[in-house]
Amino acid sequence: MLFQDVLGLSHIKKHLTKSADSGRIPHAQLFVGGEGCGLLNTAIAYAQYIICSNQNGENDHGNEACNLKFGSLSHPDMHFAFPVANSDKVKSHAVSDHYMKEWRQFCSEQPYGNLFDWYRHIGIEKKQGQIGVDEALDIVKKLSLKSYEGGYKVMLIWMADRMNNAAANKLLKLIEEPPNQTIFLLLAEDEEQLLQTIRSRCQILRFPPLAEANIADGLVAKGLPRDEALRIAHEANGNFNKALDLMNQDSEDLIFEKWFVQWVRSAFKAKGNKSAVKELILWSEEVAAVGRETQKKFLHYCLTVIRQALLINYDTEQLAFMKIHVDGFQLKKFAPFVHGNNVQEISKELEDAIYHVERNGNPKIIFTDLSIKLTRLLHRKEETSPR
């Protein structure tokens, strides 16, 4: 992965190459950014730039043999850790090394992919993966060995915010005082989920969402007409992974749209109609039947819809990027039901549901309770006009 393969982020790429060229490479770095902004491929390109001696006044092509190994992500001094779980392939004590073949394929085919894409790729979408203590012990063992080619070693931890406390504490001293010429690259979407003691030992680099023009260029390169690429780029809101899903009509958001609209329509039927409560229960059972990662993604999707509806209701439609493609449903008509008198409580109920799903609560109870509470909140009148 070369920097030229990474969309946009010119100022970040310039910062990374300049610091490497001058020999100022922090031993522990935390890259933070939202889904689809290019964290993973930028980190791999940066590791390649360092390990393949591209920083020694040479261009991105550097050492050809070294770059060739990076092309297949098989360089012996490049190590990876990422969230995993037991599966049909790995019955117990799953660690990243058990899934390296799948990981290389994932990085090649979906370098902007999200965590759910990865879980789906290895068949654990109904489970909640993590970076556990077995992984931490594996990392300590790998980094205790000398560099294979005598230069830098890089440990890239993708979705480091999925590291549990036991693993984080096990790695704390190693991150603070790694062996000579050993670099940690931690990648996270939510830095607040990382232990403060880990964050304090890393130099943090924050990635912005991708510019619409960069996303459009990436889509055009894949054969999409410019007008269509610009439309999708706006709807993707800085997320190239979502843009690709929209282009291929393969986004899980299409399922989430159906669920959301089904809930809203049942909610409006339920006013003064007790029989409509049965529809809410059936809806809850449908959502409860899928995996927990899917449930969490759906709840985050609902939070996004609520925020977008509030923007539209308060006459800031130019800031709204979301579109719902279900026939007969218009976000603009739904927007007046989200206002200052209920939006905080709606958001809190959704966040509470995410919390309980993460902690393995009974999904039927969680979603039945949520659907009834949100139905009541949607029917609440606004006390004062926003205009």
Side-chain angles (χ1 to χ4, degrees), residues 7-9 32-38 114 189-192 206-217 219 226-243 245-247 251-254 256-265 267-268 296-354 370 373-387:
L7 291 175
L9 304 176
V32 180
E35 177 192 334
C37 72
N114 60 29
E189 291 185 356
D190 183 2
E191 63 181 293
E192 296 300 322
R206 293 182 173 84
F207 284 55
L210 287 177
E212 285 186 18
N214 296 137
I215 292 177
D217 289 342
L219 296 176
R226 171 68 60 174
D227 289 347
E228 182 69 6
L230 288 169
R231 183 192 67 77
I232 289 177
H234 178 69
E235 189 175 346
N237 193 37
N239 181 345
F240 189 62
N241 186 50
K242 183 175 180 180
D245 284 345
L246 290 169
M247 181 183 76
S251 174
E252 58 265 18
D253 284 4
L254 298 175
F256 298 161
E257 285 177 2
K258 179 179 79 82
W259 287 348
F260 182 82
V261 171
Q262 184 181 346
W263 166 67
V264 169
R265 288 173 174 166
F268 284 115
K296 286 192 290 182
K297 279 186 70 68
F298 170 62
L299 291 168
H300 282 293
Y301 170 84
C302 290
L303 277 169
T304 303
V305 176
I306 295 301
R307 289 168 187 149
Q308 294 284 294
L310 189 68
L311 289 173
I312 294 170
N313 189 24
Y314 281 74
D315 289 333
T316 53
E317 195 168 350
Q318 67 275 15
L319 299 176
F321 61 86
M322 179 173 275
K323 291 183 180 178
I324 293 182
H325 305 87
V326 176
D327 288 343
F329 186 89
Q330 294 182 36
L331 193 55
K332 194 169 184 177
K333 290 185 177 179
F334 171 72
F337 294 92
V338 180
H339 45 74
N341 199 30
N342 65 6
V343 67
Q344 287 186 326
E345 290 181 64
I346 289 174
S347 298
K348 183 181 181 302
E349 293 299 341
L350 288 167
E351 287 164 358
D352 285 349
I354 293 169
L370 177 68
K373 284 179 177 176
L374 293 189
T375 296
R376 288 173 178 163
L377 288 169
L378 271 189
H379 290 306
R380 181 181 292 177
K381 301 245 183 240
E382 187 170 15
E383 291 179 354
T384 58
S385 174
R387 296 172 184 85

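Because the structure is a prediction, the values reported are computed rather than measured.
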> Can you find a heavy atom in the side chain of F334 that is under 4.5 Å from one in the side chain of F260?
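Yes. Closest side-chain heavy atoms under 4.5 Å.
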> If I take atom NE2 from residue H339 and atom NZ from residue K381, how far apart are they, to the nearest 0.5 angstrom?
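It comes to 8.5 Å.
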> For E191, enumerate each residue passing the side chain to side chain donor-acceptor pair (under 3.5 Å) test, keeping only those at least two apart in sequence or located in another chain.
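Partners of E191 by the side chain to side chain donor-acceptor pair (under 3.5 Å) criterion, ordered by chain and then number, come out as R206.
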> Looking at residues at least two apart in the chain, or sitting in another chain, which of them share a side-chain contact (heavy atoms from CB on, under 4.5 Å) with Q344?
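With neighbours one apart ignored, the set is empty.
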> Going by side-chain contact (heavy atoms from CB on, under 4.5 Å), name the residues that satisfy it together with K258, two or more places apart in sequence or in a different chain.
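For K258, the residues satisfying side-chain contact (heavy atoms from CB on, under 4.5 Å) (neighbours in sequence not counted) are Q262, E286.
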> If you define the side chain from C-beta out and look only at heavy atoms, does anything of E257 sit under 4.5 Å from F329?
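Heavy-atom side-chain distance check fails, nothing below 4.5 Å.
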> For the residue pair W263 and T375, establish whether any side-chain heavy-atom pair is separated by less than 4.5 Å.
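They are in side-chain contact.
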> Who are the side-chain contact (heavy atoms from CB on, under 4.5 Å) partners of P336, not counting sequence neighbours?
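If we apply the side-chain contact (heavy atoms from CB on, under 4.5 Å) test to P336, skipping adjacent residues, the hits are N313.
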> Begin with the C-alpha distance, continue with both residues' side-chain angles, and end with the deciding distance and a verdict on side chain to side chain contact (heavy atoms under 4.5 Å, CB included) for I215 and N239.
CA-CA 8 Å; I215 292 177; N239 181 345; 5.8 Å; no
> Who passes side chain to side chain donor-acceptor pair (under 3.5 Å) against H379, sequence neighbours left out?
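Testing H379 for side chain to side chain donor-acceptor pair (under 3.5 Å), a comparison that skips the adjacent residues, returns none.
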> State the CG-CD distance between L219 and E212, to the nearest 0.5 angstrom.
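Here the interatomic distance stands at 11.0 Å.
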> List, one per line, each side-chain donor-acceptor pair under 3.5 Å for residues 226-233, sequence neighbours excluded.
| from | atom 1 | to | atom 2 | distance (Å) |
| --- | --- | --- | --- | --- |
| R226 | NH1 | D217 | OD1 | 3.0 |
| R226 | NH2 | D217 | OD1 | 3.1 |
| E228 | OE1 | R231 | NE | 3.4 |
| E228 | OE2 | R231 | NH2 | 2.7 |
| R231 | NH1 | E235 | OE1 | 3.4 |

> Drop me the distance from L374's CG to R376's CZ, to the nearest 0.5 angstrom.
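Going from CG on L374 over to CZ on R376, the span is 11.0 Å.
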> Please name all residues satisfying salt bridge (charged side-chain N to carboxylate O under 4.0 Å, His left out) with D190, sequence neighbours left out, ordered by chain then number.
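D190 satisfies salt bridge (charged side-chain N to carboxylate O under 4.0 Å, His left out) with no residue once adjacent residues are dropped.
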> Under the ring pair (Phe, Tyr, Trp, His ring centres under 6.0 Å) test, which residues partner F298, sequence neighbours left out?
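F256, W259.
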> In Å, rounded to the nearest 0.5 Å, how long is the span from CG of N114 to CG of N241?
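Output value for this atom pair is 5.0 Å.
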> Looking at C37 and P208, what are the two nearest heavy atoms and their distance?
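The answer is CB-O, 3.6 Å.
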> Tell me which donor-acceptor pairs under 3.5 Å the side chains of residues 302-312 have, and how far apart each pair is, sequence neighbours excluded?
| from | atom 1 | to | atom 2 | distance (Å) |
| --- | --- | --- | --- | --- |
| T304 | OG1 | H300 | O | 3.1 |
| Q308 | OE1 | F321 | N | 2.7 |
| Q308 | OE1 | M322 | N | 3.0 |

> Only counting residues at least two apart or in another chain, list the ones meeting salt bridge (charged side-chain N to carboxylate O under 4.0 Å, His left out) with K373.
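If we apply the salt bridge (charged side-chain N to carboxylate O under 4.0 Å, His left out) test to K373, skipping adjacent residues, the hits are E349, D369.
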> Quick one: pull up CD in E35 and CD in E189 and give me the separation to the nearest 0.5 Å.
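Atom-to-atom, E35:CD and E189:CD are 6.0 Å apart.
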> I need the L370 CG to D352 CG distance, nearest 0.5 Å.
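Going from the CG atom of L370 to the CG atom of D352 covers 9.5 Å.
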> Taking the side chain as everything from C-beta on, heavy atoms only, tell me whether F207 gets closer than 4.5 Å to V32.
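Answer no - side chains too far apart.
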> So, does N342 use its side chain to make a donor-acceptor pair with the main chain of F337 at under 3.5 Å?
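Present.
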> Identify, with sequence neighbours excluded, every residue that meets side-chain contact (heavy atoms from CB on, under 4.5 Å) alongside L7.
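side-chain contact (heavy atoms from CB on, under 4.5 Å) list for L7, sorted by chain: Y112, L210, F240.
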> Under the side chain to side chain donor-acceptor pair (under 3.5 Å) rule, collect the residues that match up with K332, sequence neighbours excluded.
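By the side chain to side chain donor-acceptor pair (under 3.5 Å) rule, K332 matches no residue at all.
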